[in-house]
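Order of appearance sets the numbers: ligands from 1, and atoms from 1 within every ligand.
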Amino acid sequence: MMNLESLPRFHLAEFPTPIHYLESFSKALNGPAVFMKRDDITSLGMGGNKTRKLEFLIGEALNQGKDTLVTAGGVQSNHCRLTAAAARKAGLSCHLVLNGEKPESSNGNLLLDQIFGAKVHFCERKDRERKLELVADGLSADGNEPYVIPVGGSNSTGSIGYVNAMFELETQLRNMQLQLDAIVFATSSGGTQGGLAVGAKIINFKGQVLGISIDQTKTGDEPFPPILAEIATTTARRIGSSIELNEEEFALNCDYLGAGYAIPGDMEFNAIRDLARYEGILLGPVYTARAMGGLTDLIQKGYFTKDQTVLFWHTGGAPELFAWANQLQAV
Ligand SMILES: *Cc1c(COP(=O)(O)O)cnc(C)c1O
């Protein structure tokens with residue numbers, strides 16, 4: 001395997017991110033010891049998991065002489081907000097294709113996109129991929145050098161950030177003399193899970209690497225396991241590793257999809273209040289509150305035992321909170 005240090009990478013934040021023991025939360029649930037890896041507080045633009053991916057994506061963009069980042073996501077996309085912030089730090093322009101309606105007044109991540117000076121293009125969800133191409137083509141026609149980042153930054157370049165994150169975790173666990181039975185996190189476009197799974201296999205991690213799906217399903221028109229296998233295997237090849245991951249090797253829970261993507265309900269709002277009131281830590285309604293709500297339910301059902309240790313990998317998203325103020329302020 002090649003040394004990851006030799007890959008083009010643009011510094012965006014301080015690593016390692018801390019690991020915190022959630023003492024009050026763990027005791028209240030009377031289940032396993034729950035630790036948290038704080039990728040929500042990576043130091044750029046209000047933090048989140050896309051920072052690790054963007055370090056490698058922007059490294060590649062700069063290496064290729066690009067001058068403009070173009071990416072897409074939902075109106076409250078954390079990925080788009082962090083791409084907008086990272087572009088500024090790297091001296092690049094940024095265009096965002098956001099699917100959804102332009103709200104009367106901007107809030108949450110959309111407000112931050114605008115503060116970071118990104119150019120925002122709205123479109124319908126079904127037109128997103130085409131619109132992304134059109135925007136990139138328009139930029140090229142005007143003499144710019146666009147670098148297109150896929151939704152969520154989930155390709156074999158972005159995912160290297162999470163292979164590296166697994167190596168970072170290994171060092172921290174060794175120093176803390178901590179052994180984990182499971183790592184639990186929100187999964188959606190697959191780059192985080194794909195990278196973590198590759199890293200876990202390389203370091204021979206013995207615990208479960210369990211993605212709680214936010215919107216993906218195991219079956220249907222676009223089943224998620226083949227997508228994960230593709231991201232993981234291409235990422236491994238990119239870093240010169242011959243490991244392959246097949247669909248069955250991913251631990252994936254799709255039981256907490258609620259009413260759909262970016263439609264939080266009672267489970268999510270309760271998870272936000274619980275973690276805020278036990279630990280003073282904030283979750284985001286779209287991703288991390290759903291994953292934490294799922295983990296809480298699994299613990300309550302006895303999926304993990306009291307003598308086990310679980311790490312919740314906090315992937316960020318608190319800036320989404322303000323877009324759901326109406327639902328959250330209800331007592
Ligand atoms: C994007 C995102 C995820 C999901 O990560 P993927 O790599 O897309 O699967 C989880 N949590 C938050 C807060 C995110 O913004």
Side-chain angles (χ1 to χ4, degrees), residues 17 36-42 44-57 71-86 96 98 108-110 112-113 149-166 183-199 209-217 222 224-225 227-232 235 250-254 256-257 261-262 264 268 271-272 275 281-295 312-321 323-324:
T17 54
M36 181 179 272
K37 174 85 167 143
R38 301 296 307 273
D39 276 15
D40 58 319
I41 53 168
T42 50
L44 176 87
M46 293 189 88
N49 66 335
K50 304 310 179 306
T51 312
R52 290 186 190 269
K53 301 178 184 183
L54 285 162
E55 286 204 331
F56 289 94
L57 290 162
T71 195
V75 172
Q76 283 301 325
S77 167
N78 301 296
H79 164 66
C80 288
R81 177 250 309 164
L82 279 168
T83 302
L96 301 173
L98 302 182
N109 283 313
L110 177 61
L112 298 176
D113 297 341
I149 299 176
V151 171
S154 287
N155 59 17
S156 62
T157 304
S159 300
I160 296 169
Y162 271 89
V163 179
N164 206 37
M166 199 68 195
I183 297 170
V184 179
F185 53 92
T187 187
S188 176
S189 67
T192 303
Q193 185 161 12
L196 288 177
V198 169
V209 180
L210 176 61
I212 301 210
S213 175
I214 299 312
D215 53 348
Q216 304 284 352
T217 51
E222 280 185 30
F224 198 40
I227 295 172
L228 287 172
E230 167 78 12
I231 294 176
T235 302
F250 294 91
L252 178 67
N253 180 307
C254 300
Y256 302 102
L257 304 178
Y261 179 78
E268 289 81 4
I272 289 167
L275 197 72
I281 294 173
L282 298 169
L283 298 167
V286 179
Y287 297 92
T288 37
R290 183 161 287 178
M292 186 55 107
L295 173 59
F312 182 82
W313 203 309
H314 193 331
T315 48
E320 303 155 12
L321 280 168
W324 277 274

Within a distance under 4.0 Å of any heavy atom of [X], pick out the atoms of ligand 1 and give their elements.
X      : answer
Asn78  : 13 (C), 14 (C), 15 (O)
Thr192 : 5 (O), 6 (P), 7 (O)
Gly191 : 7 (O)
Thr187 : 9 (O)
Ser154 : 7 (O)

For ligand 1, indicate whether the residue [X] contacts it via side chain, backbone, both or neither (heavy-atom separation under 4.0 Å).
X      : result
Lys53  : side chain
His79  : neither
Asn49  : side chain
Ala291 : neither

Please answer whether the main-chain N or O of Phe224 pairs with a side-chain N or O of Gln216 as donor and acceptor at a distance below 3.5 Å.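 Checking the backbone N and O of Phe224 against the side chain of Gln216, no donor-acceptor pair under 3.5 Å is found.
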Closer than 3.5 angstrom, by distance alone: can the side chain of Gln193 be matched with the main-chain N or O of Ala251 as a donor-acceptor pair?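 Side chain of Gln193 to backbone of Ala251: a pair is present.
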Report yes or no: does Ala186 have a heavy atom closer than 4.0 Å to ligand 1?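 Ala186: in contact with ligand 1 (<4.0 Å).
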Taking a cutoff of less than 4.0 Å between a non-hydrogen atom of the residue and any ligand atom, is Gly48 in contact with ligand 1?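 Judged by the 4.0 Å heavy-atom criterion, Gly48 does not count as contacting ligand 1.
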[X] to [Y] - nearest heavy-atom pair and separation:
X      : Y      : value
Glu268 : Arg290 : OE2-NE, 2.7 Å
His79  : Gly153 : CE1-N, 3.4 Å
Tyr287 : Ser188 : CE2-CB, 3.7 Å
Ala271 : Gly293 : CB-N, 3.8 Å
Met36  : Leu275 : CE-CD2, 3.6 Å

side-chain hydrogen bond (donor to acceptor under 3.5 Å, both in side chains) partner of Tyr162, the single match among Thr235, Thr315, Asp39: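 Answer to the side-chain hydrogen bond (donor to acceptor under 3.5 Å, both in side chains) test with Tyr162 among Thr235, Thr315, Asp39: Asp39.
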Does a side-chain heavy-atom distance below 4.5 Å link Trp313 with Val184?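 Contact flag for Trp313/Val184 side chains = no.
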Residue and atom name of the nearest protein heavy atom (relative to [atom]), distance in Å to one decimal:
atom                    : result
atom 10 (C) of ligand 1 : Thr315 OG1, 3.2 Å
atom 9 (O) of ligand 1  : Ser188 N, 2.8 Å
atom 14 (C) of ligand 1 : Lys50 NZ, 2.9 Å

If we ignore angles and hydrogens, is there a donor and acceptor under 3.5 Å between the side chains of Thr83 and Lys50?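 Looking only at side-chain atoms, Lys50 and Thr83 do not form any donor-acceptor pair under 3.5 Å.
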Consider side-chain contact (heavy atoms from CB on, under 4.5 Å). Of Ile149, Leu57, Leu54, which one does Thr71 pass it with?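 Single side-chain contact (heavy atoms from CB on, under 4.5 Å) partner of Thr71 among Ile149, Leu57, Leu54: Ile149.
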Quick check: does [X] get an N/O under 3.5 Å from an N/O on ligand 1?
X      : result
Tyr287 : no
Ser189 : yes
Gly317 : no

